[in-house]
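Once you've had a glance at the structure underneath, I'll fire off some questions.
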2 protein chains.
Amino acid sequence: MPRPRSLTTAQLAAAALAVIDRDGLDALTMRTVAAELGISTMGLYRYVDGRDQLEALVVELVLTDVDTTPAAGDTPWRGAIGTLAERVRVAVGAHPAVVPLLMTHRHRSPHLLRWSETVLGILTAAGYDGPARVTALRAITGYMVGVLQLQHLGPLAGAGTKVIAAQSDFPLMASTARDAAAVTPEAEFGAGLSALLSGLTPR
Amino acid sequence: MPRPRSLTTAQLAAAALAVIDRDGLDALTMRTVAAELGISTMGLYRYVDGRDQLEALVVELVLTDVDTTPAAGDTPWRGAIGTLAERVRVAVGAHPAVVPLLMTHRHRSPHLLRWSETVLGILTAAGYDGPARVTALRAITGYMVGVLQLQHLGPLAGAGTKVIAAQSDFPLMASTARDAAAVTPEAEFGAGLSALLSGLTPR
DNA sequence: ATCGTAGGCGTACATCGTACGCTTAAAATC
DNA sequence: GATTTTAAGCGTACGATGTACGCCTACGAT
């Protein structure tokens, strides 16, 4: 009966993500996104309740790129989880500026719930149960979001590392920082994750 | 020659932290902090360059409570690092609302640099060196900031967990969420950390 | 052709950070 | 003790932002 909507939520999310990718997270305002869509600022509110919901849409869009299909059943469980985690890293790495939003909206993302369910399936098959399963999943997601944020806010190859490398009051930090420039984000992410996973043991 | 300052930076940081502890991070504005100090809004700018610097002061104040003294030399290295990490958790847990600031200002905190130097000392004594030492330190700090944020934004005993426990489309998530309420933040933090540490091996 | 409903927009306001320029306290000098 | 000098402290004002509210209007159903 009424007038039909002229935009889909997918278009909203895409426009917001485009703004973020182009001009950074600070540029994400109701006004810029509305302009990106060619509608007025308040027109946006016919589609979302407010900025928070818009951010949630962006997060969900980014995570949509993550394949949550588990590896073949005979894959060692640590490897299977490692693959799932690496997929998240790649998807998020394609839109680095959204990292801060990930933390705030992570728990509202259906796709990430699906991802977690898959990880839990692997953990359960590996013999995990009860509180140990809780802490295992939490440790994995905690590690992931932590390292992703570290990489976004202070990449090992970035300026901050150079500053530390030049300090003489913290010799170990300085020497470590000099080694750091050569470590890629992928290697960094993977090294810590496999350490964590190999330290996790069912029961 | 000029008029002397009537406030110390310590007082500034304490006032800002008081606002955060009392009314949450959203309440941290230049105006509220100035009011807390009994000065005018713009008076604050005689002490800090802007909001960013004020936030950095708060972070530094919170981290000041962390003892960076390493345990006795004959302590196993994993235990020594575990103790250092736990001290951070306790200090941060005393002011949960500052957690988001930790991420953004972590790299500017001298006290945290000191803390990292101590951890690197332990890692080095354990036989770590080169890129492996880089990734080990990064994994530890990444895990810590990640889990601390998870605990702050979505505590296992919180409402979000209850919502997940009630969902039937993700049975493993639901069942895991039911187990989660019984896990304390300390146990959660410690379980993941000791898994990570025991998975880390020098060379 | 008409009508009801939701789409879309413009205005307006509260809140925030902060630039700018004034007044004034008080240490240093005489 | 009077004067000078320098930064302390403040008030006003402005741009940016999220969003409440009420208007007009497009368009499917009748």
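Reminder, nothing fancy here: chain letters follow the sequence lines and each chain counts from 1.
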Could you work out which one of C:dC20, D:dG18, C:dT11 sits closest to the side chain of B:Met42?
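In terms of side-chain proximity for B:Met42, the closest of C:dC20, D:dG18, C:dT11 is C:dC20.
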With nearest nucleotide decided by heavy atoms, which residue, A:Leu7 or B:Ala27, maps closer to the 5′ end of DNA chain C?
A:Leu7
Roughly how many Å is it from CG in B:Asp26 to C1' in D:dT17, rounded to a whole number?
14 Å
Would the distance check show the side chain of A:Arg31 and the main-chain N or O of A:Thr41 forming a donor-acceptor pair, the cut-off being under 3.5 Å?
no
When you measure from the side chain of B:Arg3, which nucleotide among C:dG17, D:dT19, D:dG9 comes out closest?
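The answer is D:dG9.
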Would you kindly compare B:Pro4 and B:Arg46 by the position of their nearest DNA chain C nucleotide and give the one closer to the 5′ end?
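Closer to the 5' end of DNA chain C: B:Arg46.
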Quiz item: B:Arg31 side-chain donor-acceptor pair to C:dG17 base, under 3.5 Å
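Such a pair exists between side chain and base.
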Report the nucleotide, chosen from D:dT17, C:dG8, C:dC16, that has the shortest atom-to-atom distance to any side-chain atom of A:Thr29.
D:dT17
Report yes if a side-chain nitrogen or oxygen of A:Tyr47 is closer than 4.0 Å to either non-bridging phosphate oxygen (OP1 or OP2) of C:dG8; otherwise report no.
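So the side-chain polar atoms of A:Tyr47 do come within 4.0 Å of the phosphate oxygens OP1 or OP2 of C:dG8, strictly under.
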Over 60° means perpendicular and under 30° means parallel, so classify the ring planes of B:Tyr128 and B:Trp77, tilted if in between.
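Geometry flag for B:Tyr128 against B:Trp77: perpendicular rings.
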From B:Arg22 CZ over to B:Leu28 CG, what is the distance, rounded to the nearest 0.5 angstrom?
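Answer for the CZ-CG pair, B:Arg22 versus B:Leu28, is 11.0 Å.
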Quick one: does B:His111's side chain have a donor or acceptor within less than 3.5 Å of a partner on B:Glu60's backbone?
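Absent.
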Nearest whole angstrom, please: distance from the P of C:dC20 to the CG of B:Asp49.
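Spelled out: CG on B:Asp49 to P on C:dC20 is 14 Å.
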I'd like to know if B:Arg114 pairs up with A:Asp169 as an ion pair, taking the criterion as any Lys NZ or Arg NE/NH1/NH2 lying under 4.0 Å from an Asp or Glu carboxylate oxygen.
no
In whole angstroms, the gap separating C1' of C:dT18 from CD of B:Gln53 amounts to 14 Å
Figure out the OH/C1' separation between B:Tyr45 and D:dA13, and round it to whole Å.
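Value for this atom pair: 14 Å.
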How is B:Arg5 classified with respect to the nucleic acid when contacts are heavy atoms under 4.0 Å: base, sugar-phosphate, or nothing?
sugar-phosphate
Looking at D:dT12, D:dT25, C:dC16, which one has an atom nearest to any side-chain atom of B:Arg51?
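From the listed options, C:dC16 comes nearest.
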Atom-to-atom span, CE of A:Met30 to C1' of C:dA14 - whole angstrom
17 Å
